[in-house]
Amino acid sequence: MSVWDDLDLLLDSPSSLTVTSNARGTVKDKVNFKVEEDVAALRNAIEGLGTTEKTLVEVLTQRSNAQRQLIANAYHKATGRTLVDDLKGDTHGDFEDLLVALVTPTTAYDCHEVIKAIKGAGTTESTLTEIFASRSNRQIRALSEGKRDESTHVDSAKAKADAKALYEAGEKKWGTDEGKFIDILCHRSIPQLRQTLVEYKNISKKTLQESIESEMSGNLEKLLVAIVKCVKSVPTYLAERLFKSMKGLGTTESTLTRILVSRSEIDLLDIRAEYKKLFGNSLYSQLESEVSGNYGDALKHLCGQDD
């Protein structure tokens with residue numbers, strides 16, 4: 001299966017995962033927000049003699065995305081220039097990418113990351129998988145069309161039937177019926193799939209993830225495994241992605257930026273907790289050791305420290 005087939009799959013039937021309220025985010029609306037004061041501070045930081053990066057970090061990482069859009073609009077009215085263009089002109093590298101991501105509307109940012117993954121030097125399948133496996137139907141509808149059932153009702157008999165169908169389409173069959181896996185994993189509700197995972201293990205004595213890993217390969221395997229992981233826990237899946245982005249030689253800054261920016265108002269507190277549980281140290285401390293300079297400071301502001 002080519003990456004284009006995988007992309008069709010992702011666009012046609014993405015996950016509709018439960019998005020926790022912004023109470024689980026690290027970034028919230030700033031109380032007593034005054035857009036004129038923020039615009040003045042940004043103008044001083046950008047137009048003064050030498051850019052004051054500390055101000056850029058403090059303003060843009062401590063406002064919600066909705067507030068940043070108000071700032072960007074007011075900035076444009078006051079200067080005749082766009083905030084994005086000025087940030088691009090005065091900063092560079094990973095720091096520039098992070099600041100631009102912060103002032104971009106959330107849907108537009110996801111679209112940008114998808115297009116970059118497709119049109120870059122070699123399609124970045126892991127980025128596409130991460131975005132489409134972890135976003136909600138509401139988020140996906142802004143990119144394409146989400147077709148997953150959004151009911152919270154769990155039908156135990158249907159879960160057993162689906163588990164049996166998956167078992168017969170995979171382990172019990174000579175050759176795997178990939179279409180059956182796609183149909184069930186991409187269309188059932190999340191609560192329903194959680195019960196199906198339980199029923200599958202009762203039938204197979206293996207987890208569904210283990211079966212997918214043994215029966216499939218390539219991009220489809222990675223996509224379906226990501227969906228199964230997200231059915232169990234989106235924060236755990238994203239904590240693993242963050243860990244892998246900082247593991248070994250070099251750091252994948254684009255993954256750090258994308259996850260911390262896109263989840264900062266959704267479930268970054270939960271991702272932090274899962275990271276510490278899985279890997280034994282805090283996400284904040286890992287960022288301290290892996291990224292530095294203005295870029296590192298901005299990421300740490302978004303992440304926040306554990307209490």
Side-chain angles (χ1 to χ4, degrees), residues 26-27 38-39 41-65 68-69 71-72 75-76 79 81-128 130-131 238 241-265 268 271-272 275 282-305:
T26 56
V27 175
D38 284 347
V39 169
L42 291 174
R43 289 189 67 179
N44 287 336
I46 292 170
E47 295 171 357
L49 205 59
T51 301
T52 312
E53 289 85 356
K54 185 171 182 283
T55 301
L56 300 181
V57 170
E58 288 177 350
V59 172
L60 295 178
T61 64
Q62 302 304 301
R63 309 293 185 271
S64 67
N65 190 273
R68 291 182 213 121
Q69 300 317 307
I71 291 169
Y75 187 94
H76 185 253
T79 66
R81 307 184 304 269
T82 69
L83 181 54
V84 166
D85 284 345
D86 278 3
L87 290 172
K88 286 181 176 180
D90 280 64
T91 60
H92 62 275
D94 297 319
F95 184 50
E96 173 196 327
D97 292 342
L98 175 56
L99 296 183
V100 169
L102 287 169
V103 299
T104 302
T106 51
T107 300
Y109 178 59
D110 272 351
C111 287
H112 171 268
E113 289 297 287
V114 169
I115 292 166
K116 185 172 74 172
I118 295 170
K119 291 190 173 179
T123 301
T124 313
E125 294 88 350
S126 62
T127 299
L128 298 177
E130 174 203 305
I131 291 172
L238 293 175
R241 290 276 296 162
L242 286 169
F243 177 76
K244 287 176 184 174
S245 75
M246 294 184 277
K247 183 182 178 183
L249 288 174
T251 300
T252 311
E253 286 83 359
S254 60
T255 300
L256 289 179
T257 296
R258 184 175 55 255
I259 295 177
L260 266 69
V261 169
S262 66
R263 309 310 290 196
S264 61
E265 294 181 54
L268 190 49
I271 293 169
R272 275 181 9 191
Y275 192 97
S282 71
L283 178 56
Y284 187 93
S285 65
Q286 194 66 35
L287 290 171
E288 276 193 312
S289 66
E290 295 293 335
V291 288
S292 59
N294 296 312
Y295 175 66
D297 288 342
L299 284 181
K300 286 182 288 185
H301 269 74
L302 284 175
C303 176
Q305 297 193 59

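The analysis underlying the following values was restricted to heavy atoms, covering all of them including side chains, and did not include hydrogens, waters or symmetry mates.
The minimum heavy-atom distance linking L268 with C303 is given by the pair CD2-CA, 4.0 Å. Here the closest heavy-atom approach between residue Y109 and residue T257 is recorded as OH-CG2, 3.8 Å. Across L60 and R68, no two heavy atoms sit closer than the pair O-NE, 2.7 Å. Pairing each heavy atom of V57 with each of F95, the nearest pair is CG2-CE1, 3.6 Å. Closest approach of L87 to E96, counting heavy atoms only: O-CG, 4.3 Å. The two residues A45 and L56 come nearest to each other via the heavy atoms CB-CD2, 4.0 Å.
Under the 4.5 Å side-chain criterion, counting only non-hydrogen atoms from C-beta, L98 is not in contact with N294.
For R241 (side chain) and T255 (main-chain N/O), no donor-acceptor pair under 3.5 Å exists by modelled atom type. Of the possible polar contacts, none joining the R272 side chain to the S282 backbone as a donor-acceptor pair under 3.5 Å is found. Although no hydrogens or angles enter the test, the distance criterion places a donor-acceptor pair under 3.5 Å between the side chain of N65 and the main chain of T104. Side-chain N or O atoms of Q62 include none that pairs as donor or acceptor with a backbone N or O of V27 at under 3.5 Å. No donor-acceptor distance shorter than 3.5 angstrom exists from the side chain of R263 to the backbone of L238, with no hydrogens or angles considered.
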_Steps toward side-chain contact (heavy atoms from CB on, under 4.5 Å) verdict (M246, L287)_ = CA-CA 8 Å; M246 294 184 277; L287 290 171; 4.0 Å; yes
*Step by step, work out the side-chain contact (heavy atoms from CB on, under 4.5 Å) result for V103 and Y75.*
CA-CA 11 Å; V103 299; Y75 187 94; over 6 Å; no
*Where do L42 and V59 land on the side-chain contact (heavy atoms from CB on, under 4.5 Å) test, with the steps shown first?*
CA-CA 8 Å; L42 291 174; V59 172; 4.1 Å; yes
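In this structure, NE2 on H76 lies 8.5 Å from CG on D85, to the nearest 0.5 angstrom. Here the CG-CZ distance, from D97 to R258, works out to 11.5 Å after rounding to the nearest 0.5 Å. Note that OG1 of T79 is 8.5 Å distant from CD1 of I46, once rounded to the nearest 0.5 Å. For the atom pair CD (E58) and CG (D297), the distance works out to 9.5 Å, reported to the nearest 0.5 Å. Between the CG atom of L302 and the OG atom of S264 there is a distance of 5.5 Å, given to the nearest 0.5 Å. Taken from CG in L128 to CD in E130, the straight-line distance is 10.0 Å, to the nearest 0.5 Å.
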